[in-house]
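Have a look at the structure below, then the notes.
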Protein chains: 2
Amino acid sequence: MSNDLSAEIAKQLRNAIVSGELIFDARLPSEAELAEQFGCSRSSVREALKRLAAQSLIRTQRGAFGGAFVRRLSYEEAYGEHVTTSTLLLSMNEVSFDVACEARFTLERACGALACFRRTPDHLATMRAEITRQGTPGLTDEAWCASDVAFHRALVDAAGNPVMSYQLAGAVEAMQPLMNMITFTARSRERILALHGAIAEALEARDATRVNQSLEDLAAYTTTLGHDVMAARDAKDQHD
Amino acid sequence: MSNDLSAEIAKQLRNAIVSGELIFDARLPSEAELAEQFGCSRSSVREALKRLAAQSLIRTQRGAFGGAFVRRLSYEEAYGEHVTTSTLLLSMNEVSFDVACEARFTLERACGALACFRRTPDHLATMRAEITRQGTPGLTDEAWCASDVAFHRALVDAAGNPVMSYQLAGAVEAMQPLMNMITFTARSRERILALHGAIAEALEARDATRVNQSLEDLAAYTTTLGHDVMAARDAKDQHD
DNA sequence: AGACCTTTAAATGTCTGACAATTAAAAAAT
DNA sequence: ATTTTTTAATTGTCAGACATTTAAAGGTCT
């Protein structure tokens, strides 16, 4: 039906994998066999297999008794894919800062409640370490943002639900590019740092209400900063 | 460094796209030019391009002035990719039903609060339509589950935040395969249906507390059903 | 001049055949 | 029994050819 053979072949093989017909670690027929089955050349089969490899659906192994094998999608890989897709989505679609912020903090607050029950000393230690780093003078914007992401990731992980950590990967990590615009002044960093401290303390005390409140404050402040930056940029554009 | 040329080429091109060096609708060099640039054959370049195409990063166009163009990732595509990845992740990693349920309903409750402010008559109508469908006798398990997903998707969309809808895609839609195990009896459907009604009513009344409570009830009941099914299955396994 | 047809060149899509590199099993040698 | 060598299967890469598609350029007719 399609005018792209390799896409069609990839689709059929993908279906076989997703439907469970080909299970984890199952070996696909060799490229030559697939070419015969589909009545096409080896090149077309290879292009199809590369498509599947790009989606982490298969791995290939050279040599005798090698071939393409169905791959188990790990949390780490799924996490990475989710972050890449989300980053791309946000960077290519002019998403409003407000909307992205709202989504991120709404979801993060949902984690906060669970995290109060489940947080371990490990999670608290990670958060405190990032807070310390954020207090060091002369931190570059990139380093600050990376640390910010690590802090929030620790908060999400503290909820102790790997599925949720995966789901929130995009919300937390893909925000980084958007956050880069708002951390210009030392004053704004100071304020954010104080709010991070409040969150960590409330989490240590397992005080869900305070965690929630601190996250709301942080959301409000972040939104304000975003607006200020946007307004300043608009003014500059007018001036130029 | 890698022993896979096409993967290496794909990586470099992907970086150029993600970093913004190649912007939306930019045309990549032709396959022949890329082959020359990378000092390899056209086949290897083609395999690399297919990898990028599989990730929706480029589209190709045949003919003169055709070629590979950077593609804008739409919400719909990102949504679809997220669902596929999540489904695969859940199906391949023996995720506990409890953990998945907790993640899903925790995130959904977070939407509930926002949805009370933003829900439109359209959202309510969609939810009521699905409730009606769920009440029709003789509904297959697949149809029931699809309708269930549509209902919850409407609830998420009612929050009026497209970024959030995208983020929750995995949580809502990838649960379908897991839900398929628990909707065996008419009695359980009836109970779920009643809870759906309660959610819709509370949302219409913009009563956040009741929405939250109803979602919690639904979560609790779903978890119970899951346990029952699991226990029954274990008992059967012992017997066989 | 404008509308319609034809040609052309550039590009991707596909096929064929070849060889290199890798690898595990089988066979041979010690 | 252990080590080494051979072998066969399989993926990775390349070169060259041809098919197909497509938009632009050129030509023809009114």
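Proteins get letters first, then strands, A, B, ... in listed order; numbering begins at 1 in each.
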Check whether the side chains of A:His123 and A:Thr120 place a donor and an acceptor atom closer than 3.5 Å, and report yes or no.
-> yes
Qualifying salt bridge (charged side-chain N to carboxylate O under 4.0 Å, His left out) pairs with a residue from residues 121-134 of chain A, counting only residues at least two apart or across chains = A:Arg128-A:Glu204, A:Glu130-A:Arg133
Do any pairs count as a salt bridge (charged side-chain N to carboxylate O under 4.0 Å, His left out) and have a residue in residues 141-164 of chain A, sequence neighbours left out, and if so which ones?
-> A:Asp141-A:Arg189, A:Arg153-A:Asp157, A:Arg153-A:Glu173
Student check: side-chain heavy atoms of A:Lys50 and A:Ser6 closer than 4.5 Å | no
Between protein and nucleotides 14-16 of chain C, what N or O pairs are separated by less than 3.5 Å?
| unit_1 | atom_1 | unit_2 | atom_2 | d |
| --- | --- | --- | --- | --- |
| C:dT14 | OP1 | A:Leu5 | N | 2.7 |
| C:dC15 | OP2 | A:Ser41 | N | 3.0 |
| C:dC15 | OP2 | A:Ser41 | OG | 3.0 |
| C:dC15 | OP2 | A:Ser44 | OG | 2.9 |

B:Asn93 side-chain N/O to A:Leu73 backbone N/O, donor-acceptor pair under 3.5 Å | yes
Between A:Arg59 (CZ) and D:dT11 (P), how many Å, whole number?
-> 13 Å
Compare all side-chain heavy atoms of A:Tyr75 with those of B:Val95 and state whether any distance is below 4.5 angstrom.
-> yes
Rounded to 10°, the angle between the first-five-pair and last-five-pair axes of the helix from C:dA1-D:dT30 to C:dT30-D:dA1 is 10°
Contacts of A:Glu77 that satisfy side chain to side chain donor-acceptor pair (under 3.5 Å) - sequence neighbours left out = A:Arg71
Nucleotide N/O of nucleotides 7-9 of chain D paired with protein N/O under 3.5 Å:
| unit_1 | atom_1 | unit_2 | atom_2 | d |
| --- | --- | --- | --- | --- |
| D:dA9 | N3 | A:Ala64 | N | 3.1 |

Write down the distance between CD (A:Glu33) and P (D:dT11), rounded to a whole number of angstrom.
-> 8 Å
Side chain to side chain, A:Leu13 and A:Leu57, heavy atoms closer than 4.5 Å | no
Between B:His196 and B:His152, how do the two ring planes meet: parallel, tilted or perpendicular, split at 30° and 60°?
-> perpendicular
Do the side chains of B:Thr85 and A:Tyr166 get nearer than 4.5 Å, heavy atoms only?
-> yes
